Colleague: 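Here it is: the structure, laid out below.
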Amino acid sequence: MNTEQIVQGQLDAYNARDLDKFASYFSNDIKIYKFQESTPYLTGMEKFKAVYKDIFDSSPELKAIIDTRIVFDNKVIDHEKVTGRKGAESSEVIAIYEIENKLITKVVFIKKQ
């Protein structure tokens with residue numbers, strides 16, 4: 001799989017709310033950051049699975065749609081529109097995925113104000 005296929009695979013699994021398949025695209029030492037913060041708010045597969053299990057369980061209508069995607073070297077930048085998350089109307093985020101050894105190792109989220 002190439003970089004774009006890895007990110008698309010995790011998006012498809014996210015939209016299916018398939019936790020095991022979704023997690024399979026991420027490294028065991030995954031780090032997720034909020035934009036401009038130097039400390040990740042989520043680190044490691046155990047925490048990752050716990051957070052996303054809660055999201056998937058409480059969001060039966062969850063769906064992310066890609067508005068724009070840029071693939072650059074080992075990074076994919078997606079402008080995502082997310083609906084159905086924990087009852088929220090909708091949200092927009094920029095997600096910057098970094099891939100190493102065919103796994104996502106780092107994600108940085110920029111949330112729309």
Side-chain angles (χ1 to χ4, degrees):
M1 272 195 285
N2 66 32
T3 300
E4 185 173 12
Q5 291 168 327
I6 292 165
V7 172
Q8 185 61 46
Q10 67 83 39
L11 177 73
D12 294 342
Y14 177 92
N15 283 338
R17 294 183 336 276
D18 183 336
L19 181 60
D20 290 331
K21 186 162 182 103
F22 179 62
S24 75
Y25 290 95
F26 294 83
S27 70
N28 284 330
D29 60 347
I30 180 65
K31 291 179 177 60
I32 300 181
Y33 296 81
K34 293 178 184 174
F35 183 63
Q36 294 185 323
E37 292 189 5
S38 60
T39 303
Y41 71 88
L42 192 156
T43 302
M45 187 54 68
E46 185 175 329
K47 177 79 172 177
F48 179 88
K49 281 186 167 183
V51 166
Y52 280 96
K53 181 181 184 331
D54 179 55
I55 292 168
F56 291 169
D57 287 350
S58 65
S59 306
E61 302 297 321
L62 184 66
K63 183 164 185 135
I65 298 170
I66 303 306
D67 185 56
T68 307
R69 174 172 282 165
I70 298 169
V71 179
F72 185 77
D73 194 29
N74 72 326
K75 293 172 184 65
V76 175
I77 304 166
D78 281 347
H79 175 199
E80 301 179 3
K81 294 181 180 173
V82 180
T83 59
R85 183 170 170 175
K86 291 187 175 185
E89 286 284 319
S90 65
S91 63
E92 286 185 62
V93 298
I94 300 294
I96 305 167
Y97 300 94
E98 189 168 320
I99 292 86
E100 295 177 17
N101 299 316
K102 300 198 180 285
L103 292 172
I104 300 167
T105 58
K106 178 180 177 184
V107 183
V108 177
F109 286 112
I110 305 170
K111 293 194 177 189
K112 190 171 184 178
Q113 300 292 335

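None of the values given here were measured: they were computed from a predicted structure.
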Colleague: If you compare all heavy atoms of A64 against all heavy atoms of N15, which two are closest, and at what distance to 0.1 Å?
Modeller: N-OD1, 2.6 Å
Colleague: Do L103 and V108 share a hydrophobic cluster (ILVMFWY, side-chain heavy atoms under 4.5 Å, transitive)?
Modeller: no
Colleague: Is there a path from F56 to I65 through hydrophobic residues (I, L, V, M, F, W, Y) whose side chains come within less than 4.5 Å of each other?
Modeller: no
Colleague: Check for me, please, whether I77 and I66 land in the same ILVMFWY cluster - side-chain distances under 4.5 Å, paths through other members count.
Modeller: no
Colleague: Over 60° means perpendicular and under 30° means parallel, so classify the ring planes of F109 and Y97, tilted if in between.
Modeller: perpendicular
Colleague: Could you report the tightest heavy-atom contact between S59 and G84, atom names first, then the distance?
Modeller: CB-O, 3.3 Å
Colleague: For atom NZ of K63, is the number of surrounding heavy atoms from other residues, nucleotides or ligands below 6.0 Å larger than 12?
Modeller: no
Colleague: Going hydrophobic residue to hydrophobic residue with side-chain gaps under 4.5 angstrom, can you get from I96 over to V71?
Modeller: no
Colleague: Is there a path of hydrophobic side-chain contacts, each under 4.5 Å between heavy atoms of I/L/V/M/F/W/Y residues, joining I104 to V76?
Modeller: yes
Colleague: In a table with atom names and distances, give each donor-acceptor pair under 3.5 Å that connects a side chain of residues 25-50 to protein atoms at least two apart or in another chain.
Modeller:
residue, atom, partner, partner atom, Å
S27, OG, D29, OD1, 2.8
S27, OG, I30, N, 3.3

Colleague: Evaluate the side-chain contact (heavy atoms from CB on, under 4.5 Å) criterion for residues V82 and L62: first the C-alpha distance (whole Å), next the side-chain angles of each, then the deciding distance (0.1 Å), finally the verdict.
Modeller: CA-CA 7 Å; V82 180; L62 184 66; 4.0 Å; yes
Colleague: Between I6 and Q10, is any pair of side-chain heavy atoms under 4.5 Å apart?
Modeller: no
Colleague: Tell me the closest heavy-atom pair linking D67 and K81, and the distance in Å.
Modeller: OD1-NZ, 3.9 Å
Colleague: Excluding sequence neighbours, so at least two apart, what forms salt bridge (Lys or Arg N to Asp or Glu O under 4.0 Å) with D57?
Modeller: K53
Colleague: Using 0.5 Å steps for rounding, measure from the CD atom of Q5 to the NZ atom of K102.
Modeller: 8.5 Å
Colleague: Just by distance, do the side chain of N2 and the backbone of E4 share a donor-acceptor pair under 3.5 Å?
Modeller: yes
Colleague: Between R17 and P60, is there a donor-acceptor pair closer than 3.5 Å when you use the side chain of the first and the backbone of the second?
Modeller: yes
Colleague: Look only at the side chain of N74 and the backbone of I99, and say whether a donor-acceptor pair between them is shorter than 3.5 Å.
Modeller: yes
